[in-house]
Amino acid sequence: MSNSTPTSNDAKQSLSGLPRRLVREEILSESDALQALSDASENKRQLISHLVHHMDISATKIASVAAQEFGFSLFDIKSLSPDSLPSAQINEETVTKNNALPIFQRGSKLFVAISDPTNTAALDEIKFSSGLNVVPVLVEEDKLAEMIETASSGSGMGSLADDLDESFDMDVADDGAAAEDDSSDVDDTPIVRFVNKVLLDAIKRGASDIHIEPYEKVFRIRFRIDGILQEVSEPPLNMAGRLTARIKVMSKMDISERRVPQDGRIKLKVSKNRAIDFRVNTCPTLFGEKTVLRILDPSSAQLGIDALGYEEIQKKRYMDALANPYGMILVTGPTGSGKTVSLYTGLNILNTPDTNISTAEDPAEINLAGINQVNVNPKAGLTFAEALKAFLRQDPDVIMVGEIRDLETASIAIKAAQTGHLVLSTLHTNDAPQTISRLMNMGVPAFNVATAVTLIIAQRLGRRLCDCKVPAEIPDDVLLKEGFTEEDLAAKPTIYAANGCSKCTEGYKGRVGIYQVMPITEDMGRIIMSDGNAIDIADQARKEGIDDIRRSALKKVLQGLTSLEEANRVTQD
């Protein structure tokens, strides 16, 4: 009868410590206690945690019995505020693995809440990592679990936003290097929650970029909001590697490769009808990989041209150029100045069933139905120039080139614009006249530039004043030095300054576009073909009543949309 069930005396002899005391207090039967010990061991759980969370035994009863058995006083951890916890001593990995939470520090003593008095390994690990003398404090298992969850939320590892749509899901795009999804490294629920929360917080706060940066002694996260970087979190330094690995998995990158930069993409569904794309790049630094995520909201291309901040005459010039069946429209400005949104707004206007539109981008930032979008891949031989050559064999009406970087791309784009196609692209120059000089410096003949380019838009993005703005008292002589005219001052304008309230950031909320929209007229064409420089072209633009970037910024100041300080920040005299 070797397979028979143990007798009552056998069971009592095999039980000791807390299980035996629970049986004696009739909280557990002998067979349940033995089964609980076996199951907890098999699943690598602590016994008390298994009893409370998997056998529905009262945490209060277990804690009371444990206090009597081991001579501990029972502490009500709910009486503590999560804000009072010694956050410097809370290591996420140690806390979740050992089910032990530091709750108070006095001098060299660190009081640690535990629900299992026999959990000495956890106490030893915390003592070693903190360098302090650890004093165990007995608490109820369910309350401990709740406090650990709350403490994790407070340190940036918390649950998702309360207003998150039920259909929230994480998808990743098909591009990017294949990831090695090692769940032992990255399948860490607090890390997953933390990353999700960072992405959602960035979207809610209107950030354009997320910077995740490891340093020697600090690990920080910054959001670029309205063009300005702001630190939003400083998680524990030991989270850096796992957080980067999690983002790499989501972006389909190779998590084992840490020596070279990588690119990837994340698609975040925030509702049934809305998805946000993140363009992800990692770059190795001295103390780990820095990760930057560019937030790409497809809805920004649906705003319409009226929402971009063009003056009426500027809007008309852009619309007239888009109505042409051929020619080249160039948008120029520094990184982050809104060039992509301006281009996609134009593409959205042109996107009709009778128009064939193809784009070559590095990479495609906004997905639009009805437009054939291609990601260039120089390593595979798919450059901007090669993509353009392919487009010209596919009966295009409109072509968009993400950026003109070299003579070959510029030459093909120019020829396409001269042979019945509308071409849109970008260049990195400071203003519209310099764009002409840049093309000619690349080697494009002046005649081709003059006959192909129809419109150049130079732009910046300035921070928009919040409704809490206040009038600024600035003397007229100062305003004249800043570039305002006597005619401007004759109208007695009110110049506003940033103030600041609970609804904005340092007095600003959102951004406004500042533009120089310069059509290439016949007179400008003659200057270009006569090898005129950027100064000559700028003088002609001024004669034709075209505002430069500075003048456009000052108009936004006169309209009360932004401050003089912000205009000075984003434009040059």
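These values consider heavy atoms only, across backbone and side chains, with no hydrogens, waters or symmetry-generated copies.
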Taking the side chain as every heavy atom from C-beta outward, state whether [X] and [Y] have any pair of such atoms under 4.5 Å apart.
| X | Y | answer |
| --- | --- | --- |
| I221 | P235 | yes |
| M253 | I247 | no |
| Q516 | P433 | yes |
| S563 | L465 | yes |
| V331 | L424 | no |

How far does [atom1] of [X] sit from [atom2] of [Y], to the nearest 0.5 angstrom?
| X | Y | atom1 | atom2 | result |
| --- | --- | --- | --- | --- |
| Q262 | K248 | CD | NZ | 5.0 Å |
| L392 | H421 | CG | NE2 | 5.5 Å |
| S251 | R246 | OG | CZ | 9.5 Å |
| E361 | F384 | CD | CZ | 8.0 Å |
| I210 | L293 | CD1 | CG | 5.0 Å |
| E408 | T383 | CD | OG1 | 6.0 Å |

Are any side-chain N or O atoms of [X] and backbone N or O atoms of [Y], one a donor and one an acceptor, separated by less than 3.5 Å?
| X | Y | answer |
| --- | --- | --- |
| T332 | T429 | yes |
| N348 | I305 | no |
| N372 | I357 | yes |
| N375 | A364 | yes |
| T505 | Y508 | no |
| T355 | N351 | no |
| S552 | I514 | no |
| N356 | Q394 | yes |
| K556 | G309 | yes |
| T454 | M328 | yes |

Review point. Is there a donor-acceptor contact under 3.5 Å linking the side chains of R550 and T571?
Key: yes
Practice item. Please check if any side-chain donor atom of Q459 sits under 3.5 Å from a side-chain acceptor atom of Q314, or the reverse. Key: no
Review point. Going by the angle between their ring planes, with limits at 30° and 60°, are Y310 and Y318 parallel, tilted or perpendicular?
Key: tilted
Is the number of heavy atoms from other residues, nucleotides or ligands within 6.0 Å of [atom1] ([X]) greater than 12?
| X | atom1 | value |
| --- | --- | --- |
| R317 | CZ | yes |
| Y215 | OH | yes |
| N441 | CG | yes |
| I349 | CD1 | yes |

Do [X] and [Y] sit within salt-bridge range, that is, some charged N less than 4.0 Å from a carboxylate O?
| X | Y | value |
| --- | --- | --- |
| K339 | E403 | no |
| E506 | R463 | yes |
| K290 | E213 | yes |

Point to revise | Option among T359, L343, D362, T409 that satisfies the side chain to side chain contact (heavy atoms under 4.5 Å, CB included) test with V401 | key: T409
